[in-house]
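Worksheet: the structure to be examined is printed underneath.
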Amino acid sequence: MSWSSGFAFFSKLRFKAALWYLVLFAASSVLLFFLVSRYVANDMLRGADWLLESTVRDLAATYLTGKNTARYGQQIPLAEVPRMELAAFRARFPGIRPLIAYRSEVGDQTFHTLFGSRWRELYEFRLESDGRAYSRLLNPEQNLPFLRKEFEDKLQSFGSDNIYFRFRRPDGPAFESNGLRKGGGDTAGSGLSTVTEDGRRFRVMTLSLFDGSVIEAGRSLRDMDERLAAYTRLFLVFLAAVLTLGAGAGYLVAWRLTSGIERVSDAARRIADGDLSQRVGAKHESDEIDRLVDAFNAMSENNEALVTELRTVTDDIAHDLRTPLTRIRGMAEVTAAGETSPDGFREMCGAVAEECDSMMQLINEMLEITRTESAIDRLERSEFSLSGLVQQAGALFCEIAEDRNVALAVSVPEQEIAIRADKLKIQRMTANLLDNALKFTPPGGRVELTLALRNGAPVLEVRDTGCGISPAEKEKIFKRFYRCDASRTLPGNGLGLAMVQAIAHAHRARIEVESEPGKGSCFSVIFPQNT
Ligand code: ADP
């Protein structure tokens, strides 16, 4: 492949469509992956967060209460503690901050134990059934062994080395469940955060307690990261497959869409090179391409017909002009070479003028047909009686008919028919048809010129008992210069019917021909109803 053809490929619609498909597929896949992976990561993180939060709250309860369930009962939310008991607790220790509450059932009696902090001190409070309040100052440091134990228990119950717990007092002991995380201890305040340490990510929950102690639980996100990395790898494989497929599909679709266009443009190029017979084969690819192919073929058909006709017409004109020109030249030569008297010159001049007239007539007729066909000559429409025109034509051709010993019958309906048309042209058309009928009908024959109304439309009919026209020639008689074999010996130039057709079409009229060789012909001009 040469450089230029290589570049040509890149500018092709197929390549561009494949590229577009590729970009589209890639963009939508990446967006989809981004959304899905974000959702999955968030979901995993939410699960981890919930676990860490509940674990840290559990550990905090152990630090505060030693987790003495036998003594305190079940931990409950502070909102479930009766208001009166909460009020009594606050009354005994003004400025206290309730931290945690327990509920126990003894017989049919319910007791609530409240824990709260004030000035970094921890108090326990209970309202007995007889209304006496019981309270004491606690030393949570005593609960540290329980907390250590809880660290171990939780580690075991999670059965995972991905999690750790830590406890530290601001000025006292600090311990941790395992050495999963090296650094840290600097996480200020309470809450969740993600920490990266030596390239490993941890999700950490810290809870600052009333006395400045901090409980921390953390989870390595290695599992999650590995899972996301596996998803990413899977996605990349999927993306590669999607991109290959997308590019392939784009190329194929564009190839299918453009192959019709390429076939049309190939044919157009070959036509431009001079081969007018080129057509595009129908492949039924899509409606649009089929329509393009049909329109192109119809246009090529018309163009070829036009060019062929033009060539024929040019040939015919050349031929028709050459004969009189040759005659003129012959006459001039003979006159020049011979003993020429003034009479001889006069005779020659008369003959030359006659030949020139017939050439002029041919050229004028050609021009008129072309002008009428292409509507350059606008119709001079006026309202006139078609019945009258037909009768006049009959009267005009009566003498010629008599000379040729042909009976001419004219028939018009009683009710006069008037039309709005170019009277001169309609006269011309009628005369041409009548002239032909009389010309091609042998002596003793009959010609009928009839005007009638058929389904409300005026119909002009010229019927004769002449030589008739064979079915094969019937198709061609309206072409310029066409003359049937049987009539070549008779005068004429083959332009009469071309003129008839041009005039009829200019008036949106239709021509019908019925003919049987040896029996006669009938030419009908059917005008539109509201002419
Ligand atoms: P022209 O009459 O000058 O030959 P036209 O264009 O009028 O040319 O007619 C074309 C040909 O059609 C004629 O040469 C003739 O062969 C045929 N034709 C036309 N009218 C008739 C007719 N009424 N009967 C038989 N043949 C006809």
Side-chain angles (χ1 to χ4, degrees), residues 309-374 376-378 380 389 392-406 408 422-443 447 466-467 476-503:
E309 200 181 328
L310 210 68
R311 280 184 192 147
T312 321
V313 168
T314 321
D315 287 355
D316 288 340
I317 293 177
H319 179 265
D320 275 44
L321 292 182
R322 196 163 37 200
T323 318
L325 279 173
T326 316
R327 276 202 296 266
I328 291 173
R329 191 170 190 280
M331 278 186 277
E333 269 176 6
V334 170
T335 315
E339 277 294 312
T340 42
S341 63
D343 279 350
F345 269 116
R346 216 169 285 126
E347 202 180 307
M348 186 207 72
C349 287
V352 167
E354 224 172 89
E355 293 291 357
C356 285
D357 281 351
S358 78
M359 283 193 288
M360 287 292 288
Q361 193 191 340
L362 183 86
I363 291 167
N364 285 340
E365 258 181 75
M366 273 294 303
L367 280 175
E368 199 178 335
I369 293 171
T370 313
R371 294 172 80 87
T372 311
E373 266 177 355
S374 56
I376 294 173
D377 275 353
R378 296 196 52 192
E380 298 284 331
L389 186 144
Q392 276 169 14
L396 218 69
F397 278 82
C398 190
E399 218 171 298
I400 306 170
E402 263 174 35
D403 285 353
R404 293 188 184 163
N405 194 19
V406 172
L408 175 61
D422 190 322
K423 192 172 178 187
L424 275 178
K425 286 204 169 11
I426 301 295
Q427 274 172 342
R428 180 80 186 272
M429 184 178 77
T430 316
N432 279 8
L433 289 173
L434 263 179
D435 188 48
N436 275 353
L438 292 169
K439 191 163 61 178
F440 298 114
T441 303
V447 171
C467 60
K476 305 172 188 162
I477 52 174
F478 290 98
K479 292 194 165 153
R480 291 179 183 118
F481 297 106
Y482 187 82
R483 309 193 71 205
C484 300
D485 291 336
S487 55
R488 293 205 193 225
T489 48
L490 293 166
N493 55 17
L495 290 177
L497 285 183
M499 176 66 84
V500 168
Q501 191 178 50
I503 295 174

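The structure presented is a predicted model; accordingly, all values stated were derived computationally and were not measured.
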Quick one: pull up CZ in Phe397 and CZ in Arg404 and give me the separation to the nearest 0.5 Å. 9.0 Å
Compare every heavy atom of Ala332 with every heavy atom of Met348, then report the nearest pair and how far apart it is. SD-CA, 3.9 Å
Arg480 vs Thr370 side-chain heavy atoms within contact, under 4.5 Å: yes
Who passes side chain to side chain contact (heavy atoms under 4.5 Å, CB included) against Cys356, sequence neighbours left out? Ile328, Val352, Met359
Would you name the heavy atoms of Ala351 and Met331 that are closest together and state the gap between them? CB-SD, 3.3 Å
Holding to side chain to side chain contact (heavy atoms under 4.5 Å, CB included), I want the full list of residues that pass it with Lys479, two or more places apart in sequence or in another chain. Tyr482
Sequence neighbours excluded, every pair satisfying side chain to side chain donor-acceptor pair (under 3.5 Å) that has a member inside residues 347-363: Arg327-Glu355, Gln361-Glu365
Report the residues that fulfil side chain to side chain contact (heavy atoms under 4.5 Å, CB included) with Glu368, sequence neighbours left out, ordered by chain and then residue number. Thr372, Lys425, Arg428, Met499
Over all atoms of both residues, closest heavy-atom pair of Gly394 and Leu408: O-CD2, 3.6 Å
Looking at residues at least two apart in the chain, or sitting in another chain, which of them share a side chain to side chain contact (heavy atoms under 4.5 Å, CB included) with Arg322? Thr326
Residues passing the salt bridge (charged side-chain N to carboxylate O under 4.0 Å, His left out) test with Asp343, sequence neighbours excluded, are Arg346
Please check this pair: side chain of Asn432 against backbone of Leu497, looking for a donor-acceptor N/O pair closer than 3.5 Å. no
Rounding to 0.5 Å, atoms CG (Asp422) and CE (Met429) come to a distance of 11.0 Å
Sequence-distant partners of Asp485, side-chain hydrogen bond (donor to acceptor under 3.5 Å, both in side chains), two or more places apart: Arg488
Side-chain contact test, heavy atoms from C-beta onward, threshold under 4.5 Å: evaluate it for Cys484 versus Ile477 and give yes or no. yes
Under the criterion side-chain contact (heavy atoms from CB on, under 4.5 Å), I'd like the reasoning laid out for Phe481 against Ile317: C-alpha separation, chi angles, the key distance, then a yes or no. CA-CA 8 Å; Phe481 297 106; Ile317 293 177; 3.6 Å; yes
Looking at every non-hydrogen atom in both residues, tell me the closest pair between Ala502 and Glu373 and how far apart they are. CB-CG, 3.8 Å
Interatomic distance, Asn364 atom CG to Ile369 atom CD1 [nearest 0.5 angstrom]: 11.0 Å
Sequence-distant partners of Glu333, salt bridge (charged side-chain N to carboxylate O under 4.0 Å, His left out), two or more places apart: Arg329
Below 3.5 Å, can you tabulate the donor-acceptor pairs from side chains in residues 434-441 to any protein atom, sequence neighbours excluded?
{"unit_1": "Lys439", "atom_1": "NZ", "unit_2": "Pro491", "atom_2": "O", "d": "3.0"}
{"unit_1": "Thr441", "atom_1": "OG1", "unit_2": "Ala437", "atom_2": "O", "d": "2.4"}

NZ-CG distance between Lys423 and Leu389, expressed to the nearest 0.5 angstrom: 6.0 Å
